[in-house]
Amino acid sequence: MVIINKEHIHTIPLLHVVKQDLIDQRIPLVIFLHGVTSIKERNMQMAYMLAERGYRVILPDALYHGERSRKMNIYPYFWEVVLNSIEEVKIIKEELEIRSLIQEGRIGLAGTSMGAITTLGAMGRYDWITVGVSLMGNPAYMQFAEQQVQAMKQMNVEWLNDEQVAKQLDMLKKYDITQNLGQWKERPLMFWHGGRDQVVPYEAEYAFYEQLKPAYEEKGVPISYIFDEKAGHAVPNSGVVTAVKWFADHL
């Protein structure tokens with residue numbers, strides 16, 4: 001039987017999804033990160049499917065989301081949330097290690113939209129992530145941040161001032177793996193993206209995939225880019241099933 005526990009790791013509210021008879025055992029871990037304005041509960045479909053296969057799945061609420069939400073326009077703080085989540089992935093992993101709940105060398109990370117953007121940044125930072133899935137992500141932090149600024153200005157949406165934007169871009173540089181490609185360690189990695197996605201356009205992620213592919217092929221490490229030309233900014237059931245299978249095959 002799969003159980004769902006509401007827990008906290010330090011200040012991070014999360015759902016812990018696992019088979020009841022495996023709850024105290026060392027088993028593979030998958031951390032799944034939600035999108036902007038979303039909540040941890042929205043990703044229960046994938047969490048349940050993974051838990052049924054014997055994985056421990058952790059669904060955290062990102063900063064300013066879900067149980068941590070505030071009455072505020074979240075979008076100007078998008079990158080603060082992303083960078084905070086990168087740090088919190090490490091906090092979650094270290095706490096579960098202390099509890100002896102992770103099978104060594106078997107840690108997966110995945111996310112949708114903002115969560116996928118976070119996933120790619122975290123994989124660029126942490127070699128201990130052994131398998132990744134990016135659903136509608138973008139690894140080009142600086143480029144995407146600049147696009148966001150221009151889009152918000154055109155729509156007259158409240159945003160950061162010029163000084164804050166410059167500071168933010170400078171901070172993002174060390175997390176932008178497209179600026180530091182030599183730091184990337186090849187691990188099984190799956191991308192899924194919709195061709196009609198106007199929220200997080202696919203081009204930057206596909207360009208990153210093309211950059212990575214030669215080294216992956218040379219080393220025999222699995223990499224996959226799944227492009228649904230009719231899909232927008234939403235992952236269909238087929239995408240979820242494919243992501244679950246990716247972890248089952250490679251984690």
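Side chains included, hydrogens not; waters and symmetry mates left out as well; all remaining heavy atoms used.
With no hydrogens or angles considered, no side-chain donor-acceptor pair links D176 and Q143 at under 3.5 Å. Between the side chains of W79 and Q148, at least one donor N or O lies within less than 3.5 Å of an accepting N or O. Donor-acceptor pairing under 3.5 Å is recorded for the side chains of N84 and E88.
Grouping the Ile, Leu, Val, Met, Phe, Trp and Tyr side chains by contacts below 4.5 angstrom, directly or via other members, places L135 with M44. In this structure, W192 is not a member of the same hydrophobic cluster as F144, with clusters built from ILVMFWY side-chain heavy atoms closer than 4.5 Å. Linking ILVMFWY residues whenever their side-chain heavy atoms come closer than 4.5 Å, directly or via other members, places L109 and M114 in the same cluster. Linking ILVMFWY side-chain heavy atoms closer than 4.5 Å, directly or via other members, places L63 and Y175 in a single hydrophobic cluster. Both V81 and L172 sit in one connected hydrophobic cluster of ILVMFWY residues. Membership requires side-chain heavy atoms under 4.5 Å apart, directly or through other members.
Enclosure of atom CZ in R99 by more than 12 non-hydrogen atoms of other residues, nucleotides or ligands within 6.0 angstrom is indicated.
Put simply, CH2 on W184 and OG1 on T178 are 11.0 Å apart, with the number rounded to the nearest 0.5 Å. Note that CD of Q183 is 8.5 Å distant from CZ of R125, once rounded to the nearest 0.5 Å. Summarising the geometry, atom CG belonging to L189 is positioned 6.5 Å from atom CG belonging to L120; distances are rounded to the nearest 0.5 Å. Distance check, rounded to the nearest 0.5 Å: CD of E7 to CG of L59 gives 11.0 Å. Here the NE2 atom belonging to H65 is positioned 11.5 Å from the CG atom belonging to L33, to the nearest 0.5 angstrom. Annotation: the span from M142 atom CE to Q168 atom CD amounts to 10.5 Å, rounded to 0.5 Å.
When all heavy atoms are compared, the tightest approach of Y55 to V30 is CD2-CG2, 4.2 Å. Of all heavy-atom pairs spanning I117 and Y141, the tightest one is O-OH, 2.5 Å. H193 and V200 make their closest contact through NE2-O, 2.6 Å (heavy atoms, listed as atom of the first residue, atom of the second, distance). Residue A51 comes nearest to V17 through the heavy atom pair CB-CG1, 3.8 Å, listed as atom of the first residue, atom of the second, then distance. Considering every non-hydrogen atom in both R187 and I129, the closest pair reads CD-O, 2.7 Å. The minimum heavy-atom distance between D61 and I12, with the atom names listed, is O-CG2, 4.2 Å.
In summary, K213 and E210 engage in a salt bridge, as defined by a charged side-chain N under 4.0 Å from a carboxylate O.
The aromatic rings of Y206 and Y209 lie tilted to each other, with the angle between the two planes from 30° to 60°.
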*Step by step, would you call I9 with I58 a side-chain contact (heavy atoms from CB on, under 4.5 Å)?*
CA-CA 11 Å; I9 289 180; I58 299 295; 5.5 Å; no

Would you mind writing out the side-chain donor-acceptor pairs for residues 221-229 within the sub-3.5 Å range, not counting sequence neighbours?
{"unit_1": "D228", "atom_1": "OD1", "unit_2": "K230", "atom_2": "N", "d": "3.2"}
{"unit_1": "D228", "atom_1": "OD1", "unit_2": "A231", "atom_2": "N", "d": "3.4"}

